[in-house]
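Below, chain A is the first sequence line, B the second, and so on; all start at residue 1.
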Number of protein chains: 2
Amino acid sequence: MAPTRPSSSSSTAPAGDGGSSRATPAARLRVQRVRPAYRQVADELRAQIVGGSLGAGERLPNEADLSHAFGVSRSTVREALRVLASQHLIETTRGVQGGSFVAAPDPSRVVEDVGGALGVLVMTPQLRLHDLLEARLMLEPSAARLAAQRADADTVEAIREAAGAPRDLRDPSGFVGHLDFHTTVLMSTGNLMITMMGQPVNDVLRTRLRRVGVEAAEWDRVDEWHRVIADHIAAGEGAAAEEAMRDHLIALRSLYERDGLWTDGPTDT
Amino acid sequence: MAPTRPSSSSSTAPAGDGGSSRATPAARLRVQRVRPAYRQVADELRAQIVGGSLGAGERLPNEADLSHAFGVSRSTVREALRVLASQHLIETTRGVQGGSFVAAPDPSRVVEDVGGALGVLVMTPQLRLHDLLEARLMLEPSAARLAAQRADADTVEAIREAAGAPRDLRDPSGFVGHLDFHTTVLMSTGNLMITMMGQPVNDVLRTRLRRVGVEAAEWDRVDEWHRVIADHIAAGEGAAAEEAMRDHLIALRSLYERDGLWTDGPTDT
DNA sequence: TACAATTTGTCCGTATGTATC
DNA sequence: TGATACATACGGACAAATTGT
């Protein structure tokens with residue numbers, strides 16, 4: 001609470017009073033560019049949020065009060081709030097009872113953001129399809145082993161459902177169902193960090209990979225592999241599950257890396 | 001180019017013209033909350049960027065033109081631009097020749113963002129220290145094996161330097177140097193995706209973990225382990241590097257999980 | 001059902017800082 | 001030394017959404 005001014009130790013001369021007196025000649029050396037006011041406000045509020053001074057669910061002062069407290073205009077406060085909102089640190093609603101509230105940490109939003117960032121990075125010289133598949137090949141076999149060691153009745157059922165759900169291969173949801181098996185395995189480790197590592201890759205593959213050119217028989221083999229892996233996990237056979245997942249991903253990799261499996265943009269094509 | 005209006009098919013009645021005519025009674029059922037104009041503008045521009053319609057380095061129209069093109073005010077455009085800038089999709093500079101430019105995809109920014117998001121997630125019931133260490137234990141041994149298989153002269157030198165750099169244990173930079181070895185191993189895989197998976201964890205451990213209570217002799221053993229791993233990687237002994245890294249991380253885990261190694265906030269305490 | 005209160009959303013006009021030429 | 005073109009910031013006003021009376 002009680003937000004402090006962004007800079008300006010003098011209380012009689014609010015920072016950013018339309019036009020102010022900053023512009024000291026020392027700044028001409030371009031040692032460092034002044035950070036805009038909206039950034040300073042955003043940084044200050046972010047520090048209060050991540051520092052625990054503002055707890056999850058807590059309500060921020062309204063925009064008018066914030067603008068007065070920071071000595072900036074309401075427009076500037078709003079730009080700062082937009083930054084925080086786009087980082088999922090606050091959520092804003094309208095109306096009486098509305099306002100800006102500190103958002104609860106949400107892993108799924110992190111996964112979404114990373115997936116989005118991956119979408120613009122992938123297919124550049126820096127990040128190729130092969131890198132994604134190789135990274136997945138590093139994580140998911142170990143995840144399958146861990147899942148086998150820890151699976152209880154509920155997770156086993158979820159994995160079996162993800163592996164065995166019947167689907168029409170011509171239906172787009174079929175492809176989604178396919179990768180949802182891998183997602184389920186990640187989550188079955190009971191380790192959120194492992195899910196957050198692996199899921200963005202799966203998301204990018206799901207949204208940017210074409211299904212054209214893949215024979216139905218190949219998809220049947222994918223299904224069969226999933227069932228085998230699910231059986232190993234259900235039986236608690238960690239080493240076997242790891243091996244089966246590795247073999248499966250290697251086969252998938254050669255399937256994916258055939259030409260024409262990529263789209264330029266999202267799946268709309 | 002040629003951005004379209006956010007909604008409002010009628011060209012004679014710009015959306016958000018101070019007061020407008022929307023407010024159809026059908027909306028009273030709260031089927032869906034209307035998205036604010038700044039959000040629609042941001043989404044439209046984002047679609048143009050990720051869709052390739054606006055290439056990296058390309059310049060967006062200035063704020064006045066954008067406000068005219070979208071039929072909204074400059075303030076609304078600015079809020080949209082703040083959202084895109086905070087997602088590292090654009091960069092804005094002032095002055096003539098300035099403006100908003102489509103940013104080049106930058107993996108390091110993704111790593112920073114994920115690290116920041118991890119910082120607010122960690123130490124909640126959803127994500128514990130043990131999860132981070134376990135996830136690292138899954139990734140880095142395999143990464144060490146891959147690094148050994150691929151290391152050329154330059155990367156070997158970098159790894160040796162990260163492992164053998166002398167440091168004062170009482171100096172904070174010593175701790176940084178310690179985890180930089182693990183970062184170097186990740187990067188030595190030549191696979192950016194693996195680095196992006198593992199580095200945020202290392203960042204969080206570096207910024208939020210205390211060094212107090214750790215004996216100097218234990219740090220010496222950490223150094224020794226790093227040297228052993230570096231030797232295996234330099235010799236191209238993948239299996240040995242993987243084993244050594246695994247043993248090292250297991251030992252580190254028991255070291256980290258002792259009481260009192262966590263700080264509530266960033267390292268300032 | 002109607003009305004009031006509160007808060008965000010959006011607009012406009014204006015002024016200033018900043019970088020380039 | 002200007003002149004230009006851009007982002008940055010201000011302040012005030014009104015519209016829209018939500019909740020309560």
Subject >> Side-chain (B/Glu79) to main-chain (A/Arg82) donor-acceptor, under 3.5 angstrom >> reply: no
Original post:
Nearest-Å distance, CZ (B/Arg94) to C1' (C/dT20)?
Top reply: 14 Å
Original post:
Looking just at side-chain N and O atoms, do B/Ser86 and A/Ser86 make a donor-acceptor pair shorter than 3.5 Å?
Top reply: yes
Subject >> Closest listed nucleotide, where the reference is the side chain of B/Val96 and the choices are C/dT7, D/dT19, C/dT20 >> reply: C/dT20
Original post:
Between the side chains of B/Glu44 and B/Gln48, is a donor N or O closer than 3.5 angstrom to an acceptor N or O?
Top reply: yes
**OP:** May I have the step-by-step check of side chain to side chain contact (heavy atoms under 4.5 Å, CB included) for A/Arg46 and A/Ile49, ending in yes or no?
**Re:** CA-CA 5 Å; A/Arg46 174 169 33 242; A/Ile49 292 174; 5.6 Å; no
Original post:
Which of the following nucleotides, C/dT18, D/dA7, D/dC10, is nearest to the side chain of A/Val34?
Top reply: C/dT18
Original post:
Is any side-chain nitrogen or oxygen of B/Thr92 closer than 4.0 Å to OP1 or OP2 of D/dT8?
Top reply: yes
**OP:** Starting from C1' on D/dA17, measure out to CZ on B/Arg39 and report it in whole angstrom.
**Re:** 16 Å
**OP:** Measure the distance from CG on A/Asp65 to P on C/dT7 and round it to the nearest whole Å.
**Re:** 8 Å
Original post:
So, does the side chain of A/Arg74 form a donor-acceptor pair with the base of C/dT7 at under 3.5 Å?
Top reply: no
Original post:
When you check the side-chain N and O atoms of A/Ser67 and A/Ser73, is any donor under 3.5 Å from an acceptor?
Top reply: no
Subject >> Earlier contact from the 5' end, DNA chain D, for A/Pro36 and A/Gly95 >> reply: A/Pro36
**OP:** Report the distance from atom CD of A/Glu63 to atom C1' of C/dG9, rounded to the nearest whole Å.
**Re:** 8 Å
Subject >> Smallest separation among heavy atoms of A/Leu186 and A/Gly198, with atom names >> reply: CD1-C, 3.6 Å
**OP:** May I ask you to verify if any side-chain N or O of A/Tyr38 is less than 4.0 angstrom from the OP1 or OP2 atom of D/dA9?
**Re:** no
**OP:** Let me know the distance between CZ of B/Arg35 and P of D/dA16, rounded to the nearest Å.
**Re:** 20 Å
**OP:** Return the nearest nucleotide to the side chain of A/Ser73; candidates are C/dC11, D/dG11, D/dT8.
**Re:** D/dG11
Subject >> Euclidean distance, atom CZ of residue A/Phe101 to atom P of C/dT8 [Å, nearest integer] >> reply: 9 Å
**OP:** Please tell me if the side chains of B/Glu58 and B/Phe101 come closer than 4.5 Å, counting only heavy atoms from C-beta onward.
**Re:** no
Original post:
Across the strands shown, which category fits B/Gln97 at heavy-atom distances under 4.0 angstrom: base, sugar-phosphate, nothing?
Top reply: sugar-phosphate
Subject >> Partner nucleotide of C/dC3 by Watson-Crick or wobble geometry (both distances under 3.5 Å) >> reply: D/dG20
Subject >> Gap between atoms CG and P, on A/Leu66 and D/dA9 respectively (whole Å) >> reply: 16 Å
Subject >> Heavy-atom pair of closest approach, residues B/Asn191 and A/Ala135 >> reply: ND2-N, 4.0 Å
Subject >> Those residues of residues 76-91 of chain B lying under 4.0 Å from DNA chain D by at least one heavy atom >> reply: B/Arg78, B/Arg82
**OP:** Check the distance between C/dC12's C1' and B/His68's NE2 and give it to me in whole angstrom.
**Re:** 15 Å
**OP:** For A/Ser75, report the nucleic acid contact type (base, sugar-phosphate, nothing); a contact means any heavy atom under 4.0 Å.
**Re:** base
